[in-house]
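Sequence positions, counted from 1, serve as the residue numbers for this chain. Side chains included, hydrogens not; waters and symmetry mates left out as well; all remaining heavy atoms used. Whatever order the structure lists them in is the order used to number ligands and atoms, beginning at 1.
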Amino acid sequence: MLHRRSTAESYEKIATVIFDHSTKAAVALAKEVRDLIETKNKAGQPAVLGLATGSSPVPFYRELIRLHKEEKLSFKNVITFNLDEYYGLDTDHPESYRRFMNDQLFDHIDIPKKSIHIPDGKVPGDQIFDHCRDYEAAIDAAGGIDFQILGIGRTGHIGFNEPGSSRESLTRRITLDRITRQDAAADFRGEENVPRFAITMGVGTILRAKKLVLIAWGENKAGVVAKAVEGPVSEAVSASFLQDHPDARFFIDSGASHELTRRKLPWLIGPVKWTPQETRRAVCWLSSSVNEPVLKLTDEEYNEHGLSDLLSEHGPSYELNIRIFNQLQHTISGWPGGKPDADDTFRPERAKPYPKRALIFTPEPQDAVVSIGATIDRLVEQGHEVRVVSMTSGNLRVPDSGVNKFASILLEIASTIAEGWSEQTDYARHILQLLAEKGEFGEDPPLLRQLKGLILRGELRDAAQGLGLAQENIQFLDLPFYESGRYRRFRTSDEDTSTIAKVFHEFKPHQIYATGDAADPSSVSALCFRLIEQTLAQCQKEDWAAACSLWIYRGKEKALATHEIDMAVPLSPNQLERKERALTRYHSLTSLERESPKLNQQTAQQYDSLGLAHYEAIESFQRWRRT
Ligand code: F6R
């Protein structure tokens, strides 16, 4: 039986501050760092910072740069130690952590070069031990780390301390976990190119810091954040060792807080306002906790699981169960565009107008097919005017081999079939030359990025054809923010919103499908979603916008939880197979993306366990609620 406790802290074993947006957290963190630097300055001592790389610290570094440029914060008296570096990468490799730190911070502030310390990813194998020992010694010689900034990987790693790292571990070379390599796949244009090893500070090294803050954004981190903050201290989740540190805190955004007890099961902590969403969440949770379908939940089970309040407000269980069951039942619809000529009182989408203009945004060319391929298929089949809009070209994820193959085929055609193709031959040779010049890891010049984008266009057209969608219904925006940036470091501008606005004005959709609301804020999908939101806000007075519904779908890492679903589109085995076949048309899918149909199957199993019909798979959507 679960007993109600009085405060969130009784579950959270690390002080956790939830910010409504990552930028606010970044500003608060930068302010603490600034205070530390100034206090140390006054005492005539250097401030020693431990720094992290990856997406999470990007807004924090932007704020530090702003403090330096606009508020004259000096870093002359700062010494830094980075947590880790990929092993085997040259320092000027675009994905090396040294390069990242230079681009994101060091090149924009006045820190002396000699004060920067980052493990050397190219140290020869027989010198790794000495190099790591020297790194530890350098930290001690600097007086130890005053303030350590950490991110958290989906494996629970801090630094690159993958599961199994001991509390006492020191700086060393480690093998990267499969999940960590999957998460880095896009940066390296394919999982196979992600380094297998890294040099990282150990858990013991990190715990020696005097003060630590771990930052995490987005729902994809919510599960691991909850494990670290509320779970047992365990080598399986390195970040859980922070529970034993006297001055460690988590700064997280709302998305990353979703799995904490105070957010997920607030009724275990204190009084709850029983909104319809909260009620549905509680009933779904109870059903899965006791492993009983909704209609079989009893008063005793509600009471024994901290839900007596809910019963007294909305009970008895018999009536509450039926109400929630019906709500869940009404989310199921094989008619994502609305069922023409049917009573739509309890259907997720309105019947009229029919047919509808459905606008499907895909942040990169593969996202929509991966996540909602079968719904696209349905919409087309049911006679709606469907337009798939690929927001970015996605060219950064295409491996060089794709370009090589294309240029080689072009050369072969020119030499065997197409006489007089001299321009094409020159083009292909030029491409091959650019590939050779930039080497395996060099940055792609614009011509290569352009060709890689075209290759992905071909893949999307091909996949969409498998779903019955004609070529002319696919539009490519190649949003400027993506074309001039790199993963984790993009910056959007008005040019991006005006490109999206043109699509709205021209197409005037009745329905929009979009993703990215809960993703890490610096990811392509989150940036794309924010652009859609901004553009919609600009258009809100227009007639089409007032009547337009916006359906959120989730990407590959995490499906919507059953209580979050407003529309569940069931798939038969054949429909799932069609989607799987469409996915095989993409060559540069990550393993997570390839496995996305499994998420659809899991959602179907969850509906089944709640006592609803058992389908082969379900694609799920949440209605967008303006905040
Ligand atoms: C990076 C590091 C890692 C990352 C973690 C989260 O120096 O030590 O632990 O902090 O993998 O990465 P992002 O922020 O990219 O999600």
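Counting protein heavy atoms only, atom 8 (O) of ligand 1 is closest to D84 OD2, 2.6 Å. Closest to atom 10 (O) of ligand 1, if we only count protein heavy atoms, is G151 CA, 3.2 Å. With hydrogens left out, the protein atom closest to atom 5 (C) of ligand 1 is H157 NE2, 3.4 Å, a heavy atom. When only non-hydrogen protein atoms are considered, atom 1 (C) of ligand 1 lies nearest to T53 OG1, 3.1 Å. Protein heavy atom closest to atom 16 (O) of ligand 1, with residue, atom name and distance, is K221 NZ, 2.6 Å. The nearest protein atom to atom 15 (O) of ligand 1, hydrogens excluded, is given as R488 NH1, 2.5 Å; this is a heavy-atom distance. The protein heavy-atom contact nearest to atom 14 (O) of ligand 1 is S56 OG, 2.5 Å. The nearest protein atom to atom 3 (C) of ligand 1, hydrogens excluded, is given as G159 O, 3.5 Å; this is a heavy-atom distance.
Using a 4.0 Å cut-off between heavy atoms, L83 contacts ligand 1 through its side chain alone, with no backbone atom that close. Contacts with ligand 1 closer than 4.0 Å are made by backbone heavy atoms (N, CA, C, O) of I152 only, the side chain lying farther away.
Under the 4.0 angstrom criterion for non-hydrogen atoms, R154 is not in contact with ligand 1.
At a threshold of 4.0 Å, the pair K438-D400 counts as salt-bridged, since one of the basic side-chain nitrogens sits closer than that to a carboxylate oxygen. With salt bridges taken as basic N to acidic carboxylate O contacts below 4.0 Å, one links R249 and E32. Contact check on R397 versus E364 returns a salt bridge, with a Lys/Arg side-chain nitrogen under 4.0 Å from an Asp/Glu carboxylate oxygen. Between E63 and R66 there is a salt bridge, since a side-chain N of the basic residue sits under 4.0 Å from a carboxylate O of the acidic one. A salt bridge links D517 to R554: one of the charged nitrogens lies within less than 4.0 Å of a carboxylate oxygen.
Listed by number with element, the atoms of ligand 1 under 4.0 Å from a non-hydrogen atom of S55 are 13 (P), 14 (O), 15 (O). Proximity to A52 (heavy-atom distance under 4.0 Å) selects the following atoms of ligand 1: 7 (O).
Relative to the six-membered ring of F147, K211 meets both conditions, a distance below 6.0 Å and an angle of at most 45° to the axis.
Relative orientation of the Y553 and F621 rings is perpendicular, given thresholds of 30° and 60° on the angle between their planes.
Residue pairs meeting the salt bridge (Lys or Arg N to Asp or Glu O under 4.0 Å) criterion with at least one member in residues 158-175, sequence neighbours excluded, are R167-D244.
With a 4.5 Å cut-off on side-chain heavy atoms, N395 and D444 do not count as touching.
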